[in-house]
Amino acid sequence: MMTAYTVVVTDYGFPDLKQEEEVLLPMGVKLLSGQCKTQEEVLQLARHADAIISERAPITKAVIDSLERCKIIVRYGVGVDNVDIEAAKARNIPVVNVPDYGTGEVADHAMSLLLASVRKIPQVVAQVRRGVWQITPCRPLMGLNGKTLGIAGFGNIGKDVAKRAQSFGINTIGYDPFVQQTVFEQQYTQKVDWHQLLEQSDMISVHLPLTADTKHIFNRDAFERMKSTAYLINTSRGAVIHTESLIEALTSNQIAGAALDVLEQQPVALDSPLLQIEQCLITSHCAWYSESSLNRLQRHAALEVQRILNGERPKHIVNGVEVYSA
């Protein structure tokens, strides 16, 4: 039985680490955890770790260069924005994500935000609570049948959103330069370029990773190209939207509304203009969450550590480090 390995969880927002314990403790692993917020805190906790699992703690180049025997860095979630993946690659440390834990939940949340925005559910509920009863409230309301949903980013979540939208009679188009035409066709979705997506969509659901190319891709120019009746839904990364440009587009009625589960700055500041805009709905970066997806996220992260400590190849390496099975 293995007794020499130390696994560090740098930070987590879960009620406990029972899933990780169930996977790793039977291996004889020593499991340490913290709630690191700074580079220095990570350095102090993780310097001697054989494996690191992290949620939001900064895994910087300085942290990575100081690691004495780390074999893997696992990120709780899909994005790896908090990890310097190139620094890890230079040290031959695989960076691994967990892309398959909450695909359905995020797609459900995106559709929920879309429906709530277009049907203006929060506004109608607020009216009823004030004693205002109208059978044609908050006019105009847009019907969904025959409308076009543009999907920005056509990975697993984007494809799941397309299926859900089509069940409402919505036509789907998609933008993703890294996905083949045949994939779009298999999902009954028309592949379009960026400008076509902006100009043709009645609603846009965003499922893009945050990269140098996608940061602030929804900017003033993008909003100017969108229909004035269009709605923007974002359950991907906050920084794909330029916040000030969105505020301007909403307050000038350049677009009809927005629903955001992610923001450039989180949590949202209580004095943010977005909170004062009736046609802007904000949820608390919770699209990924259900009790079952929470369990999958923690267990799948721990299983990736288990694989590498057992001499096996992790499933989801994102920084190009090749790991060979023993």
Side-chain angles (χ1 to χ4, degrees), residues 1-60 63-64 66-85 88 91 93-106 156 266 284-319 321 323 325-326:
M1 180 176 289
M2 203 175 293
T3 58
Y5 290 132
T6 298
V7 177
V8 165
V9 177
T10 61
D11 61 309
Y12 61 97
F14 319 125
D16 54 55
L17 295 176
K18 288 181 180 178
Q19 297 293 327
E20 292 85 346
E21 290 170 357
E22 286 181 9
V23 172
L24 297 172
L25 295 188
M27 302 175 65
V29 163
K30 182 180 181 181
L31 185 64
L32 303 177
S33 65
Q35 292 294 357
C36 302
K37 292 182 171 60
T38 67
Q39 172 180 281
E40 289 68 30
E41 289 172 338
V42 177
L43 279 167
Q44 185 172 356
L45 181 65
R47 187 185 301 273
H48 308 296
D50 296 286
I52 294 172
I53 309 176
S54 178
E55 186 175 14
R56 294 188 175 87
I59 314 298
T60 62
V63 168
I64 291 165
S66 76
L67 298 175
E68 296 179 358
R69 58 176 188 264
C70 185
K71 297 171 178 61
I72 189 171
I73 298 168
V74 182
R75 165 88 212 302
Y76 284 124
V78 181
V80 289
D81 309 344
N82 64 314
V83 182
D84 190 324
I85 61 173
R91 290 286 310 277
I93 301 171
V95 176
V96 176
N97 68 350
V98 186
D100 51 0
Y101 72 98
T103 300
E105 282 81 357
V106 177
N156 290 333
Q266 294 183 176
S284 54
H285 201 156
C286 57
W288 65 274
Y289 167 69
S290 72
E291 284 300 303
S292 55
S293 70
L294 179 63
N295 288 340
R296 284 193 300 271
L297 173 60
Q298 294 182 251
R299 179 168 289 272
H300 288 190
L303 285 171
E304 291 286 51
V305 172
Q306 182 190 68
R307 288 184 188 101
I308 204 159
L309 296 185
N310 279 338
E312 302 168 9
R313 188 186 189 282
K315 283 188 174 180
H316 302 292
I317 299 172
V318 299
N319 67 335
V321 173
V323 177
S325 299

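Sequential numbering from 1 along the given sequence is applied to the chain's residues.
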Contact check, side chains of [X] and [Y], non-hydrogen atoms, under 4.5 Å:
X: Y101; Y: N295; result: no
X: M27; Y: L24; result: yes
X: N319; Y: I73; result: no
X: L31; Y: V7; result: yes
X: I64; Y: I59; result: yes
X: V305; Y: Y5; result: no
X: Y76; Y: D11; result: no
X: D100; Y: N156; result: no

Drop me the distance from [X]'s [atom1] to [Y]'s [atom2], to the nearest 0.5 angstrom.
X: L303; Y: Q19; atom1: CG; atom2: CD; value: 9.5 Å
X: T38; Y: Q44; atom1: OG1; atom2: CD; value: 9.0 Å
X: L25; Y: K18; atom1: CG; atom2: NZ; value: 13.0 Å
X: K37; Y: T10; atom1: NZ; atom2: OG1; value: 10.5 Å

Which pair of non-hydrogen atoms, one from [X] and one from [Y], has the smallest distance, and what is that distance?
X: S293; Y: G102; answer: CB-CA, 4.1 Å
X: A46; Y: L67; answer: O-CD2, 3.3 Å
X: K71; Y: I93; answer: C-CG2, 4.1 Å
X: L297; Y: G77; answer: CD1-N, 3.3 Å
X: L43; Y: S66; answer: CD2-OG, 2.7 Å
X: A301; Y: I53; answer: CB-CG2, 4.2 Å

*SB check E304 R307 (cutoff 4.0 Å)*: yes
Short side-chain to backbone donor-acceptor contact, [X] and [Y], under 3.5 Å:
X: Q298; Y: D16; result: yes
X: N97; Y: V78; result: yes
X: R75; Y: V98; result: no

*Could you go step by step and tell me if S54 and N82 meet the side chain to side chain contact (heavy atoms under 4.5 Å, CB included) rule?*
CA-CA 9 Å; S54 178; N82 64 314; 3.2 Å; yes
*When you look at S292 and E105, which way does the side chain to side chain contact (heavy atoms under 4.5 Å, CB included) test go after all the steps?*
CA-CA 10 Å; S292 55; E105 282 81 357; 3.7 Å; yes
*Just wondering, are more than 12 heavy atoms of other shown residues or ligands nearer than 6.0 Å to CD in Q266?*
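Yes, the 6.0 Å shell around CD holds more than 12 heavy atoms from other groups.
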_Step-by-step side chain to side chain contact (heavy atoms under 4.5 Å, CB included) determination, D50 to T6_ = CA-CA 5 Å; D50 296 286; T6 298; 4.0 Å; yes
*After noting the C-alpha distance and the side-chain angles of K315 and H300, does the key distance pass the side chain to side chain contact (heavy atoms under 4.5 Å, CB included) rule?*
CA-CA 10 Å; K315 283 188 174 180; H300 288 190; over 6 Å; no
